[in-house]
Amino acid sequence: MDFQTIEDAVAGTGLMVRGGFHPAAGEIPGDAKTLILVGNAGPAMWQAFSDAVPQVNRDQDRHPLDTWTKQVLDQVAADLGGLALYPFTGPPYHSFQAWAVRTGGVDASPTGPLIDPIYGLWHAYRGALAFDELIGLPEQAGHSNPCESCADKPCLSACPAEAFEPKGIERADYDVNACVSHIVSEAGRDCFSTGCLARHACPWGREYAYGSEQAAFHMVKFAAAHPRRG
Ligand code: B12
C-alpha cells in the first residue's frame, strides 16, 4: 500500500492525514513499521461530525466526538488492514504529541499544544493508523518553529486566568484548575464561547481558528470533564 491510498481513505471522512514516521522499537505499542497520524484542521471535521451526529447527542453525550472518531477510523483501519490507536484511551495515554513531533511537521509551543507552520495552534490529533508494512513517506518540506521567531509570545500573557506561568524558553506551567474555574465563571464567557484566548492570541494560522459552534463544543466538554477542585 502507498501513502496516497491512506490519505485518500482518511480524506473521505472529514479527518486528514497529519504525516507519519517509521517507529523505532518501543516507540509505539506493538511492532508496526509505519505509524500515520490522523487529525483535524480547518472546517472539514466539524462539518462531517455535525452532519453525522444529531445536536441532541452532541450536547448530551459525554464524549460524542471520540465515539464518532472511533467509528470512522476503526472502519478506515479495517479497510486498509491497519490498527487504529486513539489519543483519548487512557490513562496511560498514548504519546501523541511525541509521535506528532516525530512526523517532522510540527513543533513545541510555549503553551503546550504543538504548533503547525500553516494551521498554527488550530489542529488536533484524533487517532493514528499503525501498519505492519514499511510504507514510503513523503519528504517533509523544511520549516522552522514559528514560536522561536515570535518575540512577544502573546499566548503567554493573553490568558485572563493567568493559567500560564512562563519559564523563559521552556514550556510554561499550566494551571488546569485556574483555567477551568475561570471559563465556567461569568468573567470567562469569552473563553467559553470563542475558545481559549491564549490559543487565539497566537498570530499563526488565525484563519483556521475553530468556528464558534466547534469552539463552544470543545469548551463545554472540557469543562464537564474537569470539574473545579478546591
Ligand atoms: C491529559 C491531557 C490534557 C490535560 C492536561 C494537560 C496538561 N498540560 O497538563 C488537560 C485536560 C488539562 C488538557 C488540556 C488541553 N489540551 Co490536552 N491532552 C491531554 C492528553 C489526553 C494526554 C496527554 C498525556 O498525558 N500524554 C502522555 C504523554 C507521555 O505523551 P506525550 O503527549 O507525547 O508527551 C510528550 C510531550 O508532552 C512532550 N513534551 C515535553 N515537553 C514539552 C513541551 C512542549 C511545549 C510540548 C508541545 C511537548 C512537550 O514530551 C512528552 C513525553 O514524550 C492528550 C492526548 C494524548 N494522548 O497525548 C491531549 C492533547 C495534548 N491536548 C490537546 C489540546 C488541544 C488541549 C487544550 C488546548 C484543549 C483546550 N481546552 O483548548 C488544552 C490546553 C492544555 C495545555 N495548555 O497544556 C491536544 C494538543 C494538540 C496539539 N496541537 O498539539 C492533544 C494532543 C489532544 C488531541 N486530540 O489532539 N489536555
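Counting starts at 1 for both ligands and their atoms, in listed order. In this chain, residues are counted from 1 in sequence order. The analysis underlying the following values was restricted to heavy atoms, covering all of them including side chains, and did not include hydrogens, waters or symmetry mates.
Distances from atom 75 (C) of ligand 1 to the protein include at least one heavy-atom value under 4.0 Å. When distances from atom 80 (C) of ligand 1 to the protein are checked, a heavy atom turns up under 4.0 Å. By the definition of a contact as any protein heavy atom under 4.0 Å away, atom 5 (C) of ligand 1 is not in contact. Using a 4.0 Å threshold on non-hydrogen atoms, atom 62 (N) of ligand 1 does not count as touching the protein. Per-atom contact check: atom 91 (N) of ligand 1 does not touch the protein, criterion being a heavy-atom distance below 4.0 Å. Under the 4.0 angstrom criterion, atom 68 (C) of ligand 1 counts as having a protein heavy-atom contact.
Using a 3.5 Å distance cut-off with no hydrogens or angles, the side chains of Asp8 and Thr5 do not pair a donor with an acceptor. For the residue pair Asp107/His143, the side-chain donor-acceptor check at 3.5 Å is satisfied. In the model, Tyr119 has no side-chain atom that pairs as donor or acceptor with a side-chain atom of Asn40 under 3.5 Å.
Note on ligand 1: His226 sits in its first shell, one or more heavy atoms being nearer than 4.0 Å. At a 4.0 Å cut-off, at least one heavy atom of Arg199 sits close enough to ligand 1 to count as contact. In this structure, Phe88 has no heavy atom closer than 4.0 Å to ligand 1.
Of all the atoms in ligand 1, the ones that sit under 4.0 Å from a non-hydrogen atom of Leu114 are 47 (C), 82 (C), 83 (N), 84 (O). Of all atoms in ligand 1, numbered sequentially from 1 with element shown, those under 4.0 Å from a heavy atom of Pro87 are 21 (C), 55 (C), 56 (C), 57 (N).
Here's the thing with His94: one of its N/O atoms is less than 3.5 angstrom from an N/O atom of ligand 1.
Between the CE atom of Met219 and the SG atom of Cys179 there is a distance of 6.0 Å, given to the nearest 0.5 Å.
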* Decide yes or no on salt bridge (charged side-chain N to carboxylate O under 4.0 Å, His left out) for Arg18 and Glu7, but give the supporting numbers first. => CA-CA 9 Å; Arg18 302 287 289 130; Glu7 270 203 315; over 6 Å; no
